*Asks:* 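This is the structure I want to talk about, given as structure tokens.
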There are 2 protein chains.
Amino acid sequence: MSDLQNTPNPNTPIFSPLYQQIKALLLQSLSSGEWNAGDMIPSEVDLAAHFKVSQGTVRKAIDELASENLLVRRQGRGTFVATHQEAQIRFRFLSMQADNGQKFTTSSAVVDVDVILASVGVCAHLGLADSDRVVQITRVLSFNGRAGVLEKIYLPEALFPNVTADKLRAYKGTLYSWFESEFNVRMIRAVEQIRAVNAPESAAEYLNVASNEALLYVERISYTYADKPVEVRHGWYLTHDYFYKNELI
Amino acid sequence: MSDLQNTPNPNTPIFSPLYQQIKALLLQSLSSGEWNAGDMIPSEVDLAAHFKVSQGTVRKAIDELASENLLVRRQGRGTFVATHQEAQIRFRFLSMQADNGQKFTTSSAVVDVDVILASVGVCAHLGLADSDRVVQITRVLSFNGRAGVLEKIYLPEALFPNVTADKLRAYKGTLYSWFESEFNVRMIRAVEQIRAVNAPESAAEYLNVASNEALLYVERISYTYADKPVEVRHGWYLTHDYFYKNELI
DNA sequence: CAGTGGTCTAGACCACTGG
DNA sequence: CAGTGGTCTAGACCACTGC
């Protein structure tokens, strides 16, 4: 149905492969909110008919989106929009592991929620104007009941309206799944800058360590569709009993 | 030619998909050394004829190996065994970037090479016996001429015979490309545990910092084909002007 | 059982590379 | 130009899921 530039006998001068065009169209359906997290998308047969291409071409487009973790294929059931509700994806963005290899419980204590004018740095990373406001969330993550991470999270108020500490505390689940269900914002990828710092006063207090103690300091920028940055997160990590796991593939 | 279990009409009870079997066979040709780093492997048409399957099936096997960075496809030329010589792959395992975003030069100074009995920890990670010996390389990496990383590298002597500081210093290029060309050992993936520590005396000295200064401490285990561990690397990183970059995808 | 994704085939044509 | 990988088709059959 759609105006793909590559009719079976392409005479058009400039074109990208059919499956790329279809991938772009699917991406559009994802980012426009036409399909929501957890939804099943149309079957390969339906999509092939709709786009008037063969099933193999649709398949290649879906394959790529699945390999980018935007879609999830389930044999016999269908293809679904990836969601942060899934266990698989839930811990993709929390990389801490215990020294002893054991499992551990994670809990979160919201310290503060403020709406403020963002610093220049945060503004730049989020692509905001000086006058735009951001929600600042301060929270402490604990592992097995012991404070392990202090985080400061910055979100554009325009995308995340009316955030309050109470609402945040009421939600059971990860922040990213809250963003998804409450604001329809899905995090797709993130980039981190990792450093070691001597604990600043503020962090030392929350983590119950001396103020020159070495901490991991992680600055993360998270992106949604179309590489749009939607979150800046600063974290101070205690790495005595837990470490940050990184896989180079 | 090979005895794939899935002849066109499969009556055999247990089997994995054809393309997986072919992938396994290609993997074998890679790990056995039949194909070396940088070599061109047989064309899709040849492989299809050889395995008596359609080109599409071979293609799917190669696609997966390419997505795992074991093979590199080059349109119009052929498919090649990935090598650490390539710029693309050369920096896949060094994640430091400058705060100002500028490029910078990296240089390496070999401090020491010893053949020793490995500690229990290193033995365990490398799958060695207590009595097996390892090569211990101590070196300092500098960025723009300023010492930035102290590394201690442990290699099984059995796989890396006759390593000397002189040979190491004579080689121009990354350590991984040296391993590849000199010992025919190719690193495929690595896992890291990242922590912040207060600089130990030894590291502080090499990096010219005070001994309680916060440093990144990275423990890396590198693997070759078949998930065989072949290197343990301990690194202390100064992160004042450079940071460790991590991408969550 | 009908509907989904997963595998596989055979063949066509295109785009790119190097000699 | 011949040879390579890249795209696309049409159709077959399999494996899995849920009703």
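Note that this is a predicted model, so its numbers are computed, not measured. All heavy atoms count here, side chains included; hydrogens, waters and symmetry mates do not. Below, chains carry the letters A, B, ... as their sequence lines are ordered, and counting in each starts from 1.
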*Asks:* Less than 4.0 angstrom between a side-chain N/O of A:Arg59 and OP1 or OP2 of C:dG6, yes or no?
*Replies:* yes
*Asks:* Mind running side-chain contact (heavy atoms from CB on, under 4.5 Å) on A:Asn184 and A:Asn36 for me, showing each step along the way?
*Replies:* CA-CA 8 Å; A:Asn184 204 23; A:Asn36 289 306; 3.5 Å; yes
*Asks:* Base, sugar-phosphate alone, or nothing: which one does A:Arg74 contact when heavy atoms must sit under 4.0 Å apart?
*Replies:* sugar-phosphate
*Asks:* Which nucleotide in the list D:dT9, D:dT17, C:dC8 gets nearest to the side chain of A:Arg77?
*Replies:* D:dT17
*Asks:* What is the distance, to the nearest angstrom, from the CD atom on B:Gln21 to the C1' atom on C:dG6?
*Replies:* 15 Å
*Asks:* Is A:Thr57 close enough to D:dT9 that one of its side-chain N or O atoms is under 4.0 Å from OP1 or OP2 there?
*Replies:* yes
*Asks:* Parallel, tilted or perpendicular for B:Tyr242 and B:Phe104, by the 30°/60° rule?
*Replies:* perpendicular
*Asks:* Any ion pair linking A:Lys23 and A:Asp63 (charged N to carboxylate O, less than 4.0 Å)?
*Replies:* no
*Asks:* Verify the contact: side-chain N or O of A:Thr79 to OP1 or OP2 of C:dT4, cut-off strictly under 4.0 Å; return yes or no.
*Replies:* no
*Asks:* What is the distance, rounded to the nearest whole Å, between atom OH of A:Tyr19 and atom P of C:dC14?
*Replies:* 18 Å
*Asks:* Rounded to the nearest angstrom, tell me the gap between atom CZ in A:Phe80 and atom P in D:dT17.
*Replies:* 12 Å
*Asks:* Using only atom types and a distance under 3.5 Å, with no angle test, would you say the side chain of A:Thr174 pairs donor to acceptor with the backbone of A:Ser177?
*Replies:* yes
*Asks:* Measure from NZ or CZ of B:Arg74 to the centre of the six-membered ring of B:Phe80 and say whether it is under 6.0 Å with the direction within 45° of the ring axis.
*Replies:* yes
*Asks:* In residues 63-73 of chain A, which ones come under 4.0 Å of DNA chain D, going by heavy atoms?
*Replies:* none
*Asks:* Taking 4.0 Å as the cut-off, does a side-chain nitrogen or oxygen of A:Lys60 come that near to OP1 or OP2 on D:dC8?
*Replies:* no
*Asks:* Mind listing the residues from residues 36-48 of chain B sitting with a heavy atom below 4.0 Å of DNA chain D? Number order is fine.
*Replies:* B:Met40, B:Ser43, B:Glu44
*Asks:* Is the side chain of A:Asn100 donor-acceptor paired with the backbone N or O of A:Gln102 at a distance under 3.5 Å, no angle test?
*Replies:* yes
*Asks:* With both distances under 3.5 Å as the test, what is the Watson-Crick or G-U wobble partner of D:dC16?
*Replies:* C:dG3
*Asks:* Just by distance, with hydrogens left out, do B:Arg186 and B:Tyr225 show a side-chain donor and acceptor under 3.5 Å apart?
*Replies:* yes
*Asks:* Would you call the rings of B:Phe93 and B:Tyr176 parallel, tilted or perpendicular if under 30° counts as parallel and over 60° as perpendicular?
*Replies:* perpendicular
*Asks:* Given B:Ser222, which partner from the list B:Glu231, B:Arg189, B:Glu192 fulfils the side-chain hydrogen bond (donor to acceptor under 3.5 Å, both in side chains) test?
*Replies:* B:Glu231
*Asks:* From D:dC8, C:dG18, C:dG6, pick the nucleotide closest to the side chain of A:Gln75?
*Replies:* C:dG6
*Asks:* Would you mind reading off the distance between A:Gln55 atom CD and C:dG5 atom P, rounded to a whole angstrom?
*Replies:* 8 Å
*Asks:* What is the distance from CZ of A:Phe51 to P of D:dC8, rounded to the nearest Å?
*Replies:* 13 Å
*Asks:* Mind calculating the distance between NZ (A:Lys52) and P (D:dA10) to the nearest angstrom?
*Replies:* 13 Å
